[in-house]
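Structure, as structure tokens:
Chain identifiers are assigned alphabetically (A, B, ...) following the order of the sequence lines, protein sequences preceding nucleic acid strands; residue numbering begins at 1 within each chain.
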Amino acid sequence: MPELPEVETVARGLQRSVAGQRILNVALGKTDFIDNPDRFESELTGRTIARVERYGKFMLLRLTAKPEACGRDLDAALLVHLGMTGALTPQLSSDAHAKHTHVVMRLGDGRELRYVDPRRFGRMAYLSGKALAEELRRFGLDPLEMSLEQFRVQIHGRKARIKALLLDQSVLRGVGNIYADESLWKAKVHPAQLGARLKPPQLATLYAELQKVLKKAIALRGSSISDFRDTEGIPGEYQQHHRAYGREGKPCFRCKTAIRRIVVAGRSSYFCPHCQPRPARRSTSRKRKSEKARTK
DNA sequence: CTCGATCCCTGGACGC
DNA sequence: TGCGTCCAGGGATCGA
């Protein structure tokens, strides 16, 4: 499932392979994941992909202005979210269409940039100017670009659980379930710990481990759990370094205790019950006792 | 402000 | 082999 490292991998691949290419035409299949499909098609046709960037879990295909735009739409972009199963890859026009191919952009050099997404949890949108700026403003800082102090400001004082905060794209952008669990395991922080209750050293460790995990995962071209592939069709290798995610019942790499799975913030959360002890919840247990006493 | 529930969608795993 | 069922999960939305 594409999170920050996987999206970075794909964005770099596309930057290498399709930057500078002109989009000659656009063919759409199912369009329920595209904002305003008609406009999408007309605006993309004839535009050139200037460069490809990552923004959180989004890819931003920056587009050059149409010749007739006369200076308008200089900051137009194709926004792509891969959802769970999306793939955006350049292919030869002679290649057979994979099942669930929903967008085909014919490029100037004869290849095709194809979007394939069985579950259609992804999103595509043509955005420019104000709409693009507004869209991007909804998200927090990139975890690889933020300082420890900026991280601290986002977490301290928050009553939400740390796992929920890490997954919240308005708190920081790009982290998903895998890298949240991996960095919490490394930092020995329980996923249900409240943000406000993280001690300064824990916060500093979590910040550092999150960056380390993300950087290493990028270097290994992401995690391939089921079907993630880079733009050349090669799986990532970071899944071989997972210490918590998907390891329910298997021994912790540090202490051999069986990894447990619980649901936090509506997501499967894998953690070591020994290394990441459940936070003592003084107030809750007291409340429970007093409630029991009252009902009796 | 934060929570859980629900929906979107398909493929894969599993039980019979 | 072929059903039915459950689960995976990012994000939007809604009600508590």
Side-chain angles (χ1 to χ4, degrees), chain A residues 1-8 10 28-37 54-59 79-88 97-103 115-125 127 134-140 142-143 153-182 184 191-198 214 217 222-229 235 239 242 244-249 259-271 279 281 283-284 287-288:
Chain A
M1 49 230 65
E3 302 180 24
L4 188 154
E6 292 77 27
V7 179
E8 179 71 30
V10 175
L28 301 179
K30 291 192 177 172
T31 58
D32 55 359
F33 59 97
I34 301 174
D35 296 19
N36 198 342
R54 178 186 60 77
Y55 190 90
K57 293 179 200 171
F58 284 90
M59 278 186 292
L79 198 69
V80 181
H81 195 299
L82 299 174
M84 297 290 303
T85 53
L88 186 64
H97 279 67
K99 206 178 169 186
H100 307 295
T101 298
H102 303 303
V103 179
Y115 183 70
V116 179
D117 189 354
R119 290 183 211 175
R120 307 204 299 285
F121 270 25
R123 179 185 164 204
M124 284 185 142
L127 294 171
E134 274 175 18
E135 180 68 35
L136 300 185
R137 214 170 35 231
R138 298 166 48 221
F139 300 98
D142 190 293
V153 165
Q154 289 299 320
I155 306 297
H156 97 285
R158 296 294 300 267
K159 286 183 205 158
R161 295 159 181 198
I162 186 63
K163 174 76 180 265
L165 292 170
L166 291 176
L167 293 180
D168 186 335
Q169 302 298 297
S170 68
V171 170
L172 63 173
R173 62 173 124 104
V175 178
N177 212 28
I178 294 174
Y179 299 101
D181 279 5
E182 290 303 306
L184 287 170
Q193 179 70 270
L194 303 189
R197 300 193 62 128
L198 286 190
L214 292 173
S223 300
S224 292
I225 300 294
S226 51
D227 48 12
F228 172 74
R229 296 289 183 278
Q239 68 280 3
H242 290 180
Y245 183 83
R247 298 193 67 248
E248 183 177 18
I259 296 291
R260 292 233 301 138
R261 184 182 80 90
I262 58 173
V263 174
V264 179
R267 300 277 169 252
S268 282
S269 298
Y270 300 89
F271 70 104
R281 292 183 307 158
S283 60
T284 310
K287 197 168 150 196
R288 268 203 201 121

For DNA chain B, note the earliest and the latest nucleotide, 5' to 3', having some atom under 4.0 Å of a heavy atom belonging to chain A. dT2(B) to dG11(B)

How about Asp117(A) and His100(A): do any of their side-chain heavy atoms sit closer than 4.5 Å? no

Is the distance between the ring centroids of Tyr245(A) and Phe271(A) under 6.0 Å? no

Distance-only polar pair, side chains of Ser268(A) and Arg261(A), donor-acceptor under 3.5 Å: yes

Between Asp142(A) and Gly56(A) the two heavy atoms that sit nearest each other are OD2-N, 4.4 Å

For Val264(A) and Arg161(A), the nearest pair of non-hydrogen atoms, with its separation, is CG1-CD, 3.8 Å

For the rings on Phe58(A) and Phe139(A), is their centre-to-centre separation under 6.0 Å? yes

Every protein N/O within reach of nucleotides 9-16 of chain C N/O, cut-off under 3.5 Å:
unit_1	atom_1	unit_2	atom_2	d
dG9(C)	OP1	Tyr245(A)	OH	2.8
dG9(C)	OP2	Ser268(A)	OG	3.3
dG9(C)	N2	Arg119(A)	NH1	2.8
dG10(C)	OP2	Arg267(A)	NE	3.0
dG10(C)	N7	Arg267(A)	NH2	2.8
dG11(C)	OP1	His81(A)	NE2	2.9
dG11(C)	OP2	Lys57(A)	NZ	3.3
dG11(C)	N7	Arg267(A)	NH2	3.1
dA12(C)	OP1	Arg138(A)	NH2	2.7

Any donor-acceptor N or O pair under 3.5 Å, side chains Glu135(A), Tyr55(A): no

Minimum heavy-atom distance Pro143(A)-Leu172(A), with the two atoms named: CB-CD1, 3.8 Å

Kindly give the heavy-atom pair with the smallest separation between Leu167(A) and Gln169(A), and that separation in Å. O-NE2, 3.0 Å

Axial bend angle, the helix from dT2(B)-dA16(C) to dC16(B)-dG2(C): five-pair end segments, nearest 10°: 40°

Please find the pair of heavy atoms, one from Glu3(A) and one from Val175(A), that lie closest to each other, and give the distance. OE1-C, 4.1 Å

